[in-house]
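Note that ligands are numbered from 1 as they come in the structure, with each ligand's atoms numbered from 1 the same way.
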Amino acid sequence: MNVLVINCGSSSLKYQLINSDTETVIAKGLCERIGIDGRLTYQKAGLDKEVTEAAMPTHKQAIQLVLDALVNEKTGAIKSLSEIDAVGHRVVHGGEKFASSTLLTDEVLKVVEECNDLAPLHNPANLIGIRACQELMPNVPMVGVFDTAFHQTMPDVAYMYGLPYEYYEKYKIRRYGFHGTSHSFVSKRVAELVGRPYEDMKIIVCHLGNGASVCAVDHGKSVDTSMGLTPLEGLIMGTRSGDIDPSIIEFIAQKENLSLAEVMNVLNKKSGIAGMSEVSSDFRDLLAASREGNEKARLAIDAFAYRVAKYIGAYTAAMNGVDAIAFTAGLGENNAMVRGKILSHFGYLGVKVDDARNEKAAGVESVISADDSKVICLAVPTNEELAICRETVALVK
Ligand code: ADP
């Protein structure tokens with residue numbers, strides 16, 4: 001089967017066409033600046049990337065350009081659109097309505113729309129992408145894969161905030177968690193790599209990219225995760241503050257004469273390692289600056305690692321133990337120094353990092369702990385597109 005995986009944001013759209021039998025990418029790329037001017041990147045497997053400036057005033061036009069590129073006579077990956085058997089869509093927020101992936105019928109889309117309030121930046125864009133695909137490929141089954149679904153197994157003690165209960169009843173204010181597709185994919189892969197049944201293991205996954213979160217997977221189920229109602233809670237991220245004392249919001253609003261929306265913008269877009277370091281939201285820039293002696297960059301990296309370590313400690317308590325700790329996403333897969341800093345907090349758990357293994361692990365599945373470490377530690381590349389492809393196949397077959 002050929003599955004088109006779509007991750008649609010407000011002004012960009014990433015896509016991959018995957019052969020689900022061989023689990024190989026046939027073509028991939030992205031549309032950027034949708035509604036502004038428009039740039040299409042397209043890459044057929046084995047060929048160079050093509051980047052073209054192409055007007056895409058709407059998402060529908062962007063998807064049309066992707067489909068045209070896929071069937072292009074010279075560089076297309078398929079001969080006709082009939083070779084696309086299903087489309088898998090990433091959907092950010094499924095609220096309490098979706099505990100697993102689902103076929104996107106009109107009824108289901110209405111329910112997804114009801115979750116818009118919970119993710120006003122993401123869900124409406126996801127829906128626009130779904131509807132545009134439905135119009136352009138009316139007979140192709142579409143599946144929604146939710147970032148929140150994997151975490152629907154969290155117990156109430158983990159997902160409830162210490163707020164008046166009526167806010168949960170009236171507005172469904174609770175912790176949902178995100179990156180679920182990645183945490184599920186990586187934790188399953190950890191069990192396979194370790195050679196133990198998934199349902200028997202206590203695994204902590206650290207997804208450390210631009211957005212970052214930690215997840216406790218107990219016997220195959222997410223029992224806690226660091227993001228909350230929105231992806232702002234938890235770790236210090238590229239530009240997001242993560243956990244802060246909520247009183248800071250009013251304090252900044254008064255001192256800086258900012259509206260609530262403006263303070264939220266600071267917390268989402270101007271904080272995190274970017275705000276702390278005053279260098280960049282990109283870890284590679286920060287690591288370079290720190291090596292050159294930039295003290296704020298050093299602080300941002302150390303504070304980031306410290307926060308991750310605190311969450312690992314908390315989740316070890318939540319599960320009453322841990323068998324494996326895995327690192328994934330851009331920084332987690334690639335950076336030995338930050339992984340080492342985080343793991344240095346767990347000597348008391350019997351964690352022993354093998355420095356040579358850790359140094360070598362970059363972008364490939366690797367054990368980074370020593371053979372006699374009590375907790376096995378790994379770097380495991382995530383692959384959210386492949387996970388979405390698998391979920392889609394499972395539902396349409
Ligand atoms: P997202 O998908 O959330 O944009 P990624 O998983 O691509 O994020 O991770 C992006 C982050 O990972 C950036 O901060 C980037 O600097 C960092 N990163 C990527 N590759 C490396 C590397 N080789 N060494 C250190 N950090 C890296």
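In this structure, Glu385 does not pair ionically with Arg90, as no charged nitrogen and carboxylate oxygen lie closer than 4.0 Å.
The nearest heavy-atom contact from the protein to atom 14 (O) of ligand 1 is Phe283 N, 3.0 Å. Looking only at heavy atoms of the protein, atom 8 (O) of ligand 1 is closest to Asn210 N, 3.1 Å. Ranking protein heavy atoms by distance to atom 5 (P) of ligand 1, first place goes to Gly330 N, 3.7 Å. In this structure, the protein non-hydrogen atom closest to atom 23 (N) of ligand 1 is Asn334 CB, 3.2 Å. Closest to atom 16 (O) of ligand 1, if we only count protein heavy atoms, is Asp282 OD1, 2.4 Å.
The distance from ligand 1 to the heavy atoms of Gly211 drops below 4.0 Å at these ligand atoms: 3 (O). Residue contact check: Ala329 has heavy atoms under 4.0 Å from atoms 6 (O) of ligand 1.
Here Phe178 and His93 bring their ring centres to under 6.0 angstrom of each other.
The residue among Leu331, Ile273, Thr328, Val338 with a heavy atom at the shortest distance from atom 26 (N) of ligand 1 is Leu331.
With Tyr167 as the aromatic partner, Lys170 does not meet the cation-pi criteria of under 6.0 angstrom to the ring centre and within 45 degrees of the ring axis.
Partners of Tyr306 by side-chain hydrogen bond (donor to acceptor under 3.5 Å, both in side chains), not counting sequence neighbours: none found.
Listed by first and then second residue, the salt bridge (Lys or Arg N to Asp or Glu O under 4.0 Å) pairs that reach into residues 47-76 are Arg39-Glu53, Lys60-Glu135, sequence neighbours excluded.
When atom types are taken as modelled, the side chain of Ser344 and the backbone of Lys341 share a donor-acceptor pair closer than 3.5 angstrom.
Remark: distances from the non-hydrogen atoms of Gly238 to ligand 1 are all 4.0 Å or more.
The aromatic rings of Tyr159 and Tyr168 sit tilted, their planes meeting at an angle between 30° and 60°.
Closest non-hydrogen pair, Pro124 versus Leu121, comes out as CD-C, 4.4 Å.
Within a 4.0 Å radius of atom 20 (N) of ligand 1, the protein contributes one or more non-hydrogen atoms.
For a threshold of 3.5 Å applied to N or O pairs, the pair formed by His207 and ligand 1 contains no separation below that value.
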